[in-house]
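Only this structure's heavy atoms are used, side chains among them; waters, hydrogens and symmetry mates stay out.
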Amino acid sequence: MSFLGWTFLFGAVAVVGPIVAHMLAKPRFRRVPFTMVQFLQAGKRQSHSRRKIRDVLVLLLRCAIIALIAVLFARPVLQVKAAPQRHKSIHYLGLDDSASMAYEDGRSTLLERMVEKAVEAVRRAPDDAVFGVFGLASGRLTEGLNRSQAIAEIKRLAPVPRQARPGDFVQALRQANQAASPGDTILATVVSDFTPAVLREFERVREPAVVAAISCETVAATEPVDNAAVVDARAIDAAGGKLDVDVMVANYGGTEQRRKVTMKSRDRPPVSHDVTMLPNERRVVRMQLDLGPGMQGPAEGCLPVDLNLEPADSLAVDDAYRLGVCIPRTASTKVLVVYQADEAFLFETAIEALAGQDPSGTLALRKVATDRLGAEDLAWADVVVFSSLPADFSCPTALLKSCLTRGGRLVFFATQVGNVQVCEHLLREDLLAASPQKWIQGIVYPTPQPVAGGEISLGEQAAKALANYRFDKIALKGHWQCRLASQTECLWRLAGGAGFVYGLSSHGGSTILVNTSIDGSLGLLAKSGAWVPFCRFLVGESDRIRQFCFRVDERPVLNLPEIMQAARRTSVPVENCDGTRSQAVLEDTRMILPPARTTGWMKTLNEPAVWAAVNLAEGETDMRTPSVEAIADAMKRAFATEAGSGQAVARANAAVQSKPVWKAFAWATILLLLIEPAITNRLRR
């Protein structure tokens, strides 16, 4: 027997206390004159003898109680030999059931050959082995299987349109190692085509799984790979009734391929383009689809576009690509610039440059002085840009609200503070996102990109393009400390954390405050090369076309244009890729769709219908076979054997178990505490 807290045994020295008390507590007799003394002497000797025995018994009980309490605090354990247990051999098989395993090599697919190898590995295992089958792409784990059950589970595997994630298999092995009984042996087998995408996932494994042995089987094509894929597509422009799309096609094979890309959308005539690709080459093809007059109507807002690669090759799942394209209903964007002097000259020049880059003429510009601003001007405009904050109450509040109600946008530059009372009035009316309060002098720089997850739709492509102009290196002379409206959000920040662009969704539209000047008086922005894309970012001209396109491993979240917002609704019925129905959650201008289980189309069941495309994970069907060294490095990174980890020794020592016996000492202490008062009371009688 041993003790976990043996220092508490020193507490047993406290038994000295009862012993000393017993020695000092001798009875004292008082002489009382009495006759017949000869009879009392005999009774005295008899009573003293019984009392002495009881005193010793009480002393022993008290000493035993103190000793037992000390032993109890020391937490005694008893080392006993563990009962012999039946050790198990647990075999875990990580099987690649990703989309690339559907590649047909000769008369069979890679998945069928993988199943044969996995079944053979199960049959080679000992008779008493227990199996676990894990799908690297599906993530499905089935444990505790016997031989026949494991073979049946392996044969049920089918390719899923997801990317293999061996890191999840490694995590499952770590958990199995913790739950295993002492003496159990855990072995792992991985069967995969080990494409570059699979090896990239192995590189993300942070902590290896400890197993007794690890083996891997590579399933690769026996002949040169014959596979090409549509890997990406981008909607570029929709002008003049034409939709321009850039399609990226990749040749994963070892020979030159000549394929035909076909683009179609519902009842519109399909278009095709021939493309020739060298081995391991990617080509971008510009294709144009005739939209027809229907896209200018108010009822249609989203267009499903299907791209197909013909003729089919040995892997058909990556020959199709889908693209959801959203085209706004308005034919043009009308920008009204409200100015005081010549301060808006640089902004006007930028808008004129944008209009010159737009061959369809969908961007129109008009300018008006502040003192001449009227109802006709505001009724005409989609975007109203104020070169400075209002200086008096002549600003038509009701007309500004009317502009927002139509889905318009108000943009204010903070060239000067203006009238503080007017700013506060506009702030209370939700016509101003923020009211400047105090000017902070000092050189500041904007951050490279806007704040992620903003609900107000601005020029997304223009915001990304600003990074090319080293936007975060453009100096401003300072910034305003602002008081924000209750629902205002910061769309862009300065490097120190202050707000650079504030936005507020109000009255059905949006109002923006830019925390700098419209000219060069408060910084170098208006005189830099980034000024034109920044103006396009504010006006939103680049958002004339949007695309809703996701990978199967992404959560589909749509930032809808303002014209497609569902008013006062929190959910929308959705048809999933597999034909089932569910609900999408609406949060202001965002629509959060359910997670996609497969590739295909997701669409809302309410009009106007919104189509979201779900495609394969990028690089999943890259069939290039890596080197043997690369596979060995991946296995070494993800798995470690017990011999190198020291766990084998720990399991060997587990044959001797420590059994705690504190409960027995606790009950003995309680029993003695009950007996001691009874004996003490008996002694006093």
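Side-chain atoms of Trp531 never come within 3.5 Å of backbone atoms of Ala350 as a donor-acceptor pair (strictly under, hydrogens ignored). For the pair Arg581 (side chain) and Val574 (backbone), a donor-acceptor distance under 3.5 Å is absent. A side-chain donor-acceptor contact under 3.5 Å links Thr349 to the backbone of Phe345. With Asp578 contributing its side chain and Thr580 its backbone, the two residues share a donor-acceptor pair below 3.5 Å. Using a distance-only test at 3.5 Å, with no hydrogens or angles considered, a donor-acceptor pair links the side chain of Thr488 to the main chain of Ala433. At distances below 3.5 Å, not a single donor-acceptor pair connects side-chain atoms of Ser387 with backbone N or O atoms of Ala344. Side chain of Ser510 to main chain of Leu504: no donor-acceptor pair is present (N/O by atom type, distance under 3.5 Å, no hydrogens or angles). Side-chain N or O atoms of Arg174 include one that pairs as donor or acceptor with a backbone N or O of Glu207 at under 3.5 Å. Under the 3.5 Å distance criterion, the side-chain polar atoms of Asp290 are left unmatched by any main-chain donor or acceptor of Lys242.
Within a 6.0 Å radius of CZ in Arg555, other residues, nucleotides and ligands contribute more than 12 heavy atoms. More than 12 heavy-atom neighbours from other residues, nucleotides or ligands sit within 6.0 angstrom of CD on Gln441. Remark: Arg597 CZ is loosely packed, at most 12 non-hydrogen atoms of other residues, nucleotides or ligands lying under 6.0 Å away.
Thr262 has its side chain out of reach of Leu307: every pair of non-hydrogen atoms, C-beta onward, lies at least 4.5 Å apart. By the 4.5 Å heavy-atom criterion applied to side chains, Gln288 and Val271 are not counted as neighbours. Looking at Gln547 and Cys326, their side chains never come closer than 4.5 Å, going by heavy atoms from C-beta outward. The closest side-chain heavy-atom distance from Val610 to Val572 is not below 4.5 Å. You'll find the side chain of Leu399 reaches within 4.5 Å of the side chain of Leu378, heavy atoms only. Looking only at side-chain heavy atoms (C-beta outward), Leu522 and Leu476 stay at 4.5 Å or farther from each other. Looking at Leu354 and Val532, their side chains come closer than 4.5 Å, going by heavy atoms from C-beta outward. By the 4.5 Å heavy-atom criterion applied to side chains, Val249 and Arg282 are not counted as neighbours.
Note on Glu201 versus Arg204: salt bridge recorded, some NZ/NE/NH1/NH2 to OD/OE distance being below 4.0 Å. Looking at Asp553 and Arg162, no side-chain N of the basic residue comes within less than 4.0 Å of a carboxylate O on the acidic one, giving no salt bridge. A salt bridge does not link Asp430 to Lys401: none of the charged nitrogens lies less than 4.0 Å from a carboxylate oxygen. With respect to the salt-bridge test (charged N to carboxylate O, under 4.0 angstrom), the residues Glu203 and Arg637 do not qualify. Salt bridge annotation for Arg234-Asp232: present, with a cationic side-chain nitrogen under 4.0 angstrom from a carboxylate oxygen.
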Check the pair Leu400 / Leu410 against side-chain contact (heavy atoms from CB on, under 4.5 Å), numbers first and verdict last. CA-CA 8 Å; Leu400 294 180; Leu410 305 179; 4.1 Å; yes

Step-by-step side-chain contact (heavy atoms from CB on, under 4.5 Å) determination, Met591 to Val585: CA-CA 6 Å; Met591 177 185 295; Val585 179; over 6 Å; no

Kindly determine whether Asn576 and Ser582 satisfy side-chain hydrogen bond (donor to acceptor under 3.5 Å, both in side chains), including the steps that lead there. CA-CA 7 Å; Asn576 300 317; Ser582 56; 3.2 Å; yes

Give the C-alpha distance, both sets of side-chain angles, the deciding distance and a yes or no for side-chain contact (heavy atoms from CB on, under 4.5 Å) between Trp380 and Arg366. CA-CA 9 Å; Trp380 173 84; Arg366 180 188 293 183; 3.5 Å; yes

Begin from the C-alpha positions of Asn515 and Cys482 and carry the test side-chain contact (heavy atoms from CB on, under 4.5 Å) through to its verdict. CA-CA 9 Å; Asn515 198 350; Cys482 299; 4.3 Å; yes

Given ring-ring contact (aromatic ring centres under 6.0 Å, His included), test Tyr469 with Phe537 step by step and report yes or no. CA-CA 14 Å; Tyr469 295 90; Phe537 165 76; over 10 Å; no

For the pair Asp246 and Arg286, evaluate salt bridge (charged side-chain N to carboxylate O under 4.0 Å, His left out) and give the outcome as yes or no after the intermediate values. CA-CA 5 Å; Asp246 280 350; Arg286 173 66 61 87; 2.3 Å; yes

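Heavy-atom minimum distance, Leu289 versus Pro269: CD1-O, 3.5 Å. Shortest non-hydrogen contact noted between Gln583 and Pro594 is O-CG, 3.6 Å. Residues Asp318 and Ala229 approach most closely at OD2-CB, 3.2 Å, considering heavy atoms. Closest of all the heavy-atom pairs between Val317 and Leu616 is O-CD1, 3.7 Å. Nearest heavy-atom pair across Thr447 and Phe471 is O-CD2, 3.8 Å. Among all heavy-atom pairs drawn from Ile474 and Ser528, the shortest one is CD1-OG, 3.4 Å.
Put simply, OG1 on Thr621 and CD on Gln163 are 10.5 Å apart, with the number rounded to the nearest 0.5 Å. For the atom pair NE2 of His425 and CD of Gln421, the computed distance is 11.5 Å after rounding to the nearest 0.5 Å. One finds the CG atom of Asp168 at 8.0 Å from the CD atom of Gln171 (value rounded to the nearest 0.5 Å). Taking CG from Asn615 and OH from Tyr321, the interatomic distance works out to 4.5 Å, rounded to the nearest 0.5 Å. With rounding to the nearest 0.5 Å, the separation of CZ in Phe412 from CG in Leu513 is 8.5 Å. Once rounded to the nearest 0.5 Å, the distance linking CZ of Arg165 with OG of Ser138 reads 12.5 Å.
The aromatic rings of Trp601 and Trp611 lie perpendicular to each other, with more than 60° between the two planes, well past the 30° mark.
Side chain to side chain, Glu424 and Ser435 meet the donor-acceptor criterion of an N or O pair below 3.5 Å. Between the side chains of Glu429 and Thr397, not a single donor N or O lies within less than 3.5 Å of an accepting N or O.
Between Trp492 and Tyr502, the gap from one ring centroid to the other reaches at least 6.0 Å.
Residues satisfying the side-chain contact (heavy atoms from CB on, under 4.5 Å) criterion with Val411, sequence neighbours excluded, are Val383, Val385, Arg409, Phe413, Ile512, Val514, Leu538. For the side-chain contact (heavy atoms from CB on, under 4.5 Å) test, residues two or more places apart in sequence or in another chain that qualify with Asp622 are Pro196, Tyr252, Arg624.
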